[in-house]
Amino acid sequence: MPVLAFGNFRGGVEDFCQNFYQKERRCVRGFLLWMKRKEWKTKMKTTLYLVRHCQAMGNRNRCFQGLTDTQISEDGQKQLDLLSVRLRNTIFDAAYSSPLTRARLTAEAMVRFHPVPVRILPGLVEINAGEWEGQSWETIPDRWPREARDWNERPWDCCPPGGEPMRQVFARMQAALVQIARENPGKTVAVASHGCAIRNAVCWAMGKPIEEIGDCDFADNTGITRLEIDENGAPTLLCFNDISHLPEEMIQRRHRPYFVLPEVDA
């Protein structure tokens with residue numbers, strides 16, 4: 001039987017292997033006990049790519065869309081093609097979308113190069129704009145001046161006539177994103193939603209109360225917002241409204257979702 005020298009150990013090959021195995025087991029057991037004692041848990045953060053839908057006909061025509069299921073525009077289709085190329089090297093483990101067509105098509109474009117099924121999640125839908133739906137952004141302030149001013153100046157208290165309170169949008173978007181994270185721990189997920197809905201999500205991800213939503217802007221069509229959510233449901237905003245895939249002519253900076261209000265006499 002050959003004799004091996006390893007530190008202070010001398011003996012046969014079988015004895016060496018047995019001794020090494022026992023030491024290794026003690027080392028691993030001790031390490032696991034130390035982890036448990038320190039309550040050190042691996043953080044299972046889920047990464048969400050939260051994208052506002054492409055340009056739809058309501059965006060092009062400057063109408064308040066809300067829950068109205070408008071079709072996408074020609075520029076919207078071009079935006080989807082550019083978005084899919086932008087994300088071609090991102091492998092998504094899952095994909096979620098609002099029930100509306102403009103969001104579903106956006107989710108499908110996000111996973112075009114590495115397809116996964118798109119799951120419809122109602123909590124990702126746009127604000128229910130009630131009587132504002134289908135109305136021109138220019139005419140709404142004339143018919144509903146108080147509510148339009150709330151939208152611009154006190155959005156946390158805004159509720160379109162016959163529609164959904166902003167506070168409800170904030171709560172359901174938080175619930176929807178936490179649900180996605182819990183269903184996909186440690187994974188990368190594509191999520192397609194809407195302008196007002198994502199604004200609320202960004203406010204939450206920044207750790208702000210809804211009363212500070214006025215500090216948060218609206219994402220552009222196909223703007224990419226990335227956030228992480230840990231196993232406790234706590235969010236971290238990584239980036240907001242990345243539109244580097246869009247040429248200048250496809251960015252609607254002149255048509256932000258705010259009302260032009262009449263001046264108030266002093």
Side-chain angles (χ1 to χ4, degrees), residues 48-73 75-76 79-80 83 96-107 109-110 121-130 132-138 140 147-148 150-152 155-156 158-160 163-174 176-177 190-206 208 210 213-227 237 239-243 245-246 250-260:
L48 306 184
Y49 282 66
L50 181 57
V51 174
R52 185 184 177 194
H53 63 80
C54 67
Q55 186 193 72
M57 297 303 293
N59 302 120
R60 194 191 71 175
N61 298 332
R62 289 287 293 158
C63 292
F64 205 120
Q65 296 180 110
L67 299 184
T68 305
D69 200 9
T70 54
Q71 298 302 306
I72 69 172
S73 67
D75 277 351
Q79 290 173 343
L80 292 186
L83 177 67
Y96 291 75
S97 171
S98 148
L100 302 180
T101 301
R102 57 191 185 270
R104 177 180 54 79
L105 293 176
T106 300
M110 293 175 71
L121 188 60
L124 298 171
V125 78
E126 183 57 299
I127 186 172
N128 177 353
W132 287 358
E133 302 220 356
Q135 300 291 324
S136 165
W137 281 85
E138 284 70 33
I140 287 175
E147 291 87 349
D150 283 346
W151 175 272
N152 280 18
W156 59 92
C158 181
C159 180
E164 181 181 19
M166 192 69 71
R167 293 179 186 274
Q168 183 171 311
V169 181
F170 186 90
R172 67 168 168 80
M173 279 299 292
Q174 175 183 348
L177 297 180
V191 182
S193 187
H194 303 264
C196 179
I198 291 176
R199 188 191 194 195
N200 279 270
V202 168
C203 182
W204 167 68
M206 293 177 69
K208 294 176 176 289
I210 191 174
I213 194 173
D215 296 338
C216 305
D217 201 358
F218 288 85
D220 290 279
N221 293 121
T222 69
I224 301 170
T225 296
R226 283 191 303 117
L227 60 146
L237 185 66
C239 82
F240 170 68
N241 195 34
D242 182 348
I243 50 173
H245 55 286
L246 295 180
M250 286 193 182
I251 302 172
Q252 289 189 297
R253 290 202 176 98
R254 293 174 301 155
H255 303 298
R256 308 304 289 166
Y258 299 100
F259 296 112
V260 178

Side chain to side chain contact (heavy atoms under 4.5 Å, CB included) for Leu83 and Ile224? Distances and angles first, verdict last.
CA-CA 9 Å; Leu83 177 67; Ile224 301 170; 3.9 Å; yes
Please tell me whether Gln79 and Thr222 have a donor and an acceptor in their side chains that are separated by less than 3.5 angstrom.
no
In Å and rounded to the nearest 0.5 Å, what is the CD1 to CZ distance from Ile210 to Arg199?
10.0 Å
List the steps, then state whether side chain to side chain contact (heavy atoms under 4.5 Å, CB included) holds for Trp204 with Met173.
CA-CA 9 Å; Trp204 167 68; Met173 279 299 292; over 6 Å; no
Side chains of Ile213 and Lys208 in contact at under 4.5 Å (non-hydrogen atoms):
no
Just wondering, do Leu80 and Ile72 contact through their side chains at under 4.5 Å, heavy atoms?
yes
Heavy-atom side-chain contact between Pro257 and Phe64 under 4.5 Å:
no
ring-ring contact (aromatic ring centres under 6.0 Å, His included) assessment of Tyr258 paired with Trp151:
CA-CA 8 Å; Tyr258 299 100; Trp151 175 272; 7.8 Å; no
With rounding to the nearest 0.5 angstrom, report the CE to NE2 distance, Met250 to His245.
10.0 Å
Under 4.5 Å between any side-chain heavy atoms of Leu237 and Thr225, yes or no?
yes
About how many Å separate CD1 of Ile127 and CD of Gln65, when rounded to the nearest 0.5 Å?
13.5 Å
Hey, could you give me the CG/CG distance between Leu177 and Leu124, rounded to the nearest 0.5 Å?
6.5 Å
Using side-chain heavy atoms (C-beta onward) and a distance below 4.5 Å, is Leu50 in contact with Arg226?
no
